[in-house]
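Only one structure is covered here, and it is reproduced in the block below.
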Amino acid sequence: MTFLLIFSLTLMSFGGHAPQAVRQWRPATYRGVTVGKSRFADMLRLWGKPKWSRTSKPEADEDSRQVTWTNYERVGEFPGPTTVVSDTKSGVVTRINFYPDRLTKEQAIAHFGSGYITTRYAFDTCLDEEDSEPIYESPNGPVISVEYRARGIAISVGYKELITKISYVSGPIGSVRSRCTP
């Protein structure tokens, strides 16, 4: 009887219902800019003049999306550059990537707090997408991400548990399954 009580309490504390809420992605808001909602002009108004900005070359295909990359040096919570990606036509900010100079996984978790999940991803190597590296959730994948999905934050963990990138996004950073296998 004692075992069942402890087992039940353990299940409740790790949550049969909590992971569902944690797995749901919501758009990130970073220093007043909401990914998927705020526009390029909002970013300029809030953050000021960037170090540089450049627009991708248009593709031959009329339907392809053209993006603008904008770089800031001192808008992050830690030292390091920040790149904002926006849709050139609509001006909507589609992603904010922050590249910390030297930040450990432990420091990042201490800063952002609890409520994260760790997800492993693998590359969808059969897909040939020029401007991106499609990834999918894989239990043995080489890409490790600490994710605060309810806040739209994905933290890429690299060699020696150093953070390579903190992404502020509006939705999933990869697919649930590989798009290469039927």
Rounded to the nearest 0.5 Å, how far does CG of D87 lie from CZ of R39?
9.0 Å
For Y148 and Y116, take the angle between the two ring planes, folded into 0 to 90°, and tell me which bin it lands in: parallel under 30, tilted 30 to 60, perpendicular over 60.
tilted
Greater than 12 external heavy atoms within 6.0 Å of R177's CZ:
no
Distance check, rounded to the nearest 0.5 Å: Q66 atom CD versus T55 atom OG1?
6.0 Å
E161 side, atom CD; T104 side, atom OG1 - distance, nearest 0.5 Å
8.5 Å
Following the transitive rule for hydrophobic clusters with a side-chain heavy-atom cut-off under 4.5 Å over Ile, Leu, Val, Met, Phe, Trp and Tyr, establish whether L162 and V157 coincide in one cluster.
no
Check the hydrophobic clustering (I, L, V, M, F, W, Y; side-chain heavy atoms under 4.5 Å; chains of links allowed) and say if I166 and I144 are grouped together.
yes
So L44 and P50, do their side chains get closer than 4.5 Å, heavy atoms only?
yes
In this structure, would I117 and V176 fall into the same cluster of hydrophobic residues linked by side-chain contacts under 4.5 Å?
no
Exercise: identify the closest heavy-atom pair between K37 and V92
N-CG1, 4.0 Å
Which atom names give the shortest non-hydrogen contact between M43 and V33, and what distance separates them?
CA-CG2, 4.0 Å
Is there a side-chain contact between Y72 and K51, using heavy atoms and a 4.5 Å cut-off?
no
Between R151 and F112 the two heavy atoms that sit nearest each other are NH1-O, 2.8 Å
Which value, rounded to the nearest 0.5 Å, describes the distance between W47 atom CH2 and R74 atom CZ?
15.0 Å
If only atom types and distance count, is the side chain of Y30 paired as donor or acceptor with the main-chain N or O of S167 below 3.5 Å?
no
If the threshold is 4.0 Å, N to carboxylate O, is there a salt bridge linking D42 and R45?
yes
Just by distance, do the side chain of D124 and the backbone of R179 share a donor-acceptor pair under 3.5 Å?
yes
Do Y99 and I109 belong to the same hydrophobic cluster, where Ile, Leu, Val, Met, Phe, Trp and Tyr are linked whenever their side-chain heavy atoms lie under 4.5 Å apart, directly or via other members?
no
Give the minimum heavy-atom separation between T94 and V35, together with the two atoms involved.
O-CG1, 3.2 Å
Could you point out which residue of V84, I96, T82 forms a side-chain contact (heavy atoms from CB on, under 4.5 Å) with V75?
T82
4.5 Å side-chain heavy-atom contact, V146 and S156:
no
For a side-chain contact (heavy atoms from CB on, under 4.5 Å) check, start with the C-alpha distance between F40 and V93, then their side-chain angles and the critical distance, and finish with the verdict.
CA-CA 6 Å; F40 185 83; V93 172; 5.6 Å; no
Heavy atoms only: give me the nearest R120-P142 pair and the separation to one decimal.
NH2-CA, 4.4 Å
Of all heavy-atom pairs linking F78 and F98, the shortest is O-CZ, 2.9 Å
What distance do I163 atom CD1 and E106 atom CD have between them, rounded to the nearest 0.5 Å?
11.0 Å
Kindly compute the distance separating CD1 (I173) from OG (S145), expressed to the nearest 0.5 Å.
3.5 Å
